[in-house]
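Keep in mind the model is a prediction, meaning the values are calculated, not measured. Only heavy atoms go into these numbers, but all of them, side chains included; no hydrogens, no water, no symmetry mates.
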Amino acid sequence: MFPIMLENMDESNIFLVGGGHVAYHKVLNLHRFGIHPTIISPEFHPSFAELEQQGTVTLITKEAEWEDVANAFLTLLVTDNEAVNDHLAKQLKDAGKLVVHASNPSLGTAQIPAVTTRGKLIISVSTSGASPSLAKKIRDDIAETYDEQYEDYLDFLADVRHYVKQYVADRAERRAWLKEAIEPIYLHNTEERQTFLNELQQTSPSEQLVH
Ligand SMILES: C[C@@]1(CC(=O)O)c2cc3[nH]c(cc4nc(cc5[nH]c(cc(n2)[C@H]1CCC(=O)O)[C@@](C)(CC(=O)O)[C@@H]5CCC(=O)O)C(CC(=O)O)=C4CCC(=O)O)c(CCC(=O)O)c3CC(=O)O
Ligand SMILES: NC(=O)C1=CN([C@@H]2O[C@H](COP(=O)(O)OP(=O)(O)OC[C@H]3O[C@@H](n4cnc5c(N)ncnc54)[C@H](O)[C@@H]3O)[C@@H](O)[C@H]2O)C=CC1
């Protein structure tokens with residue numbers, strides 16, 4: 001199992017096979033990350049009608065075949081038909097694709113973790129399929145510690161990092177600034193953040209562009 005963050009995906013290439021209860025739950029999770037998938041299924045959970053109206057999903061009403069997903073970047077197999085899930089998982093795996101098999105994870109090449117976001121902070125917990133319920137619980141425990149105030153704190157840290165990378169040439173100095181920025185005082189105190197940024201700008205003015 002190797003965790004990785006994906007970005008800049010072509011979302012027209014993200015598919016679900018099966019349109020039931022589990023599919024609906026998985027789609028709401030994808031939506032949190034701005035992904036609007038295509039779902040192939042002969043029947044759909046009633047809640048999908050609203051999502052289709054909103055334009056956040058594309059529904060294709062049919063039994064899934066290999067041709068439907070052959071060009072997919074990522075496919076989530078969430079039908080209640082084991083044979084269909086198994087067969088497509090094998091073909092997708094052989095084709096080197098990312099595939100989540102929702103009922104027999106070992107046949108896939110990827111799994112969905114339990115996730116919470118705090119702006120740029122993404123808290124992601126996996127139990128490698130041992131207990132999705134525990135993954136959820138641990139995620140919720142961590143999310144209590146790293147609460148909403150981390151949202152603008154992360155924005156502050158991103159600003160600091162952006163500035164330091166551009167205008168602080170010396171590597172040791174860069175590290176010192178970046179290490180200082182994660183001191184707890186900057187989490188709680190926005191005035192201290194401003195003082196920090198002012199000091200950073202005075203010590204390393206933005207005219208001295210680092211190449
Ligand atoms: C392998 C994986 C496949 C994948 O990658 O999707 C998988 C597989 C299976 N889940 C099953 C059951 C449940 N899954 C949940 C919940 C979640 N399941 C998620 C991920 C994963 N589930 C992947 C592994 C992740 C890991 O281990 O860390 C979460 C974290 C993320 C998400 O789905 O978005 C999301 C919570 C997040 C949230 O709510 O925010 C609940 C609890 C609930 O719904 O409250 C139950 C019922 C209780 C229980 O079983 O624990 C079953 C048995 C089906 C049956 O009974 O036959 C299988 C099949 C099997 O295990 O074989
Ligand atoms: N990963 C997870 O988080 C969880 C996974 N599961 C597993 O997910 C699977 C689906 O569960 P539910 O959504 O509750 O079932 P469901 O019965 O609500 O939905 C199944 C869907 O698959 C569709 N389907 C059937 N044959 C198909 C085909 N040939 N091509 C395309 N779509 C097809 C049906 O029309 C239906 O929309 C089950 O195998 C279950 O064990 C269950 C709980 C959680």
Side-chain angles (χ1 to χ4, degrees), residues 1-132 135-136 138-139 142-143 154 158:
M1 211 67 77
F2 177 68
I4 188 169
M5 311 294 288
L6 301 170
E7 65 180 339
N8 297 329
M9 290 175 290
D10 174 0
E11 68 172 58
S12 63
N13 255 342
I14 297 181
F15 286 77
L16 276 86
V17 175
H21 180 81
V22 171
Y24 183 67
H25 167 84
K26 299 276 183 204
V27 164
L28 294 185
N29 188 38
L30 291 169
H31 281 171
R32 291 160 69 200
F33 298 91
I35 297 169
H36 298 164
T38 301
I39 308 156
I40 303 156
S41 186
E43 283 172 52
F44 290 93
H45 187 284
S47 309
F48 277 113
E50 200 185 327
L51 299 183
E52 190 182 35
Q53 267 184 352
Q54 292 166 1
T56 54
V57 292
T58 303
L59 305 183
I60 300 178
T61 309
K62 71 191 282 284
E63 286 188 0
E65 294 164 282
W66 164 242
E67 289 70 29
D68 298 318
V69 292
N71 291 319
F73 171 72
L74 165 67
T75 305
L76 278 63
L77 300 171
V78 286
T79 83
D80 54 352
N81 184 327
E82 284 301 294
V84 169
N85 291 346
D86 291 359
H87 180 64
L88 288 177
K90 182 170 184 339
Q91 285 188 294
L92 286 160
K93 191 174 172 221
D94 289 349
K97 302 288 189 178
L98 286 177
V99 52
V100 173
H101 190 308
S103 46
N104 194 347
S106 61
L107 297 181
T109 59
Q111 291 187 14
I112 311 291
V115 173
T116 293
T117 58
R118 302 295 188 209
K120 292 185 173 64
L121 177 64
I122 299 177
I123 298 165
S124 169
V125 178
S126 169
T127 63
S128 312
S131 171
K136 202 172 156 179
I138 294 174
R139 183 270 318 272
I142 298 173
L154 262 287

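The CG atom of Asp68 sits 11.0 Å away from the CD atom of Glu63 when rounded to the nearest 0.5 Å. Note that CD1 of Ile138 and CD1 of Ile123 are 12.5 Å apart. Values are rounded to the nearest 0.5 Å. Between the OG1 atom of Thr75 and the CG atom of Leu88 there is a distance of 8.0 Å, given to the nearest 0.5 Å. Note: Asn71 CG to Phe15 CZ = 8.0 Å, rounded to the nearest 0.5 Å.
Across all their heavy atoms, Met1 and Ser128 have their closest contact at CE-CB, 3.7 Å.
The side-chain contact (heavy atoms from CB on, under 4.5 Å) check on Ser131 picks up Thr127, Ser133, Leu134, with sequence neighbours excluded. Taking Thr109 as the reference, Lys93, Leu98, Val99 meet the side-chain contact (heavy atoms from CB on, under 4.5 Å) condition, with sequence neighbours excluded. In this structure Asn8 satisfies the side-chain contact (heavy atoms from CB on, under 4.5 Å) test with no other residue, sequence neighbours excluded. Qualifying salt bridge (charged side-chain N to carboxylate O under 4.0 Å, His left out) partners for Glu65, counting only residues two or more places apart in sequence or in other chains: Lys62. Residues passing the ring pair (Phe, Tyr, Trp, His ring centres under 6.0 Å) test with His87: none are found, sequence neighbours excluded. For His25, the ring pair (Phe, Tyr, Trp, His ring centres under 6.0 Å) test picks out no residue, with sequence neighbours left out. Taking Lys90 as the reference, Asp94 meet the salt bridge (charged side-chain N to carboxylate O under 4.0 Å, His left out) condition, with sequence neighbours excluded. With sequence neighbours excluded, the residues forming a side-chain contact (heavy atoms from CB on, under 4.5 Å) with Met5 are Ile122, listed by chain and number. Residues meeting the side chain to side chain donor-acceptor pair (under 3.5 Å) test with Asn29, sequence neighbours left out: Arg32.
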Per-pair distances, 0.1 Å, donor-acceptor, side chain in residues 112-120, under 3.5 Å, sequence neighbours excluded:
| residue | atom | partner | partner atom | Å |
| --- | --- | --- | --- | --- |
| Arg118 | NE | Tyr146 | O | 2.7 |
| Arg118 | NH2 | Ala143 | O | 2.9 |
| Lys120 | NZ | Asp155 | OD1 | 2.7 |

Which side-chain N or O atoms in residues 100-107 pair as donor and acceptor under 3.5 Å with protein atoms at least two apart or in another chain?
| residue | atom | partner | partner atom | Å |
| --- | --- | --- | --- | --- |
| His101 | ND1 | Ser103 | N | 3.3 |
| His101 | ND1 | Asn104 | N | 2.8 |
| His101 | NE2 | Asp86 | OD1 | 2.8 |
| Ser103 | OG | Glu82 | OE2 | 2.7 |
| Ser103 | OG | Asn85 | ND2 | 3.4 |
| Asn104 | OD1 | Ser106 | OG | 3.2 |

N/O donor-acceptor pairs under 3.5 Å from side chains in residues 47-55, not counting sequence neighbours:
| residue | atom | partner | partner atom | Å |
| --- | --- | --- | --- | --- |
| Ser47 | OG | His45 | ND1 | 3.0 |
| Glu50 | OE2 | Gln54 | NE2 | 3.4 |

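More than 12 heavy atoms of other residues, nucleotides or ligands lie within 6.0 Å of CD in Glu67, so this atom counts as buried by the packing criterion.
Judged purely by atom type and a 3.5 angstrom limit, Gln111 has no side-chain atom pairing as donor or acceptor with the backbone of Ser126.
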inquiry  = If you apply the rule side chain to side chain contact (heavy atoms under 4.5 Å, CB included), what do you find for Val69 with Leu77, and how did you get there?
reply    = CA-CA 10 Å; Val69 292; Leu77 300 171; over 6 Å; no

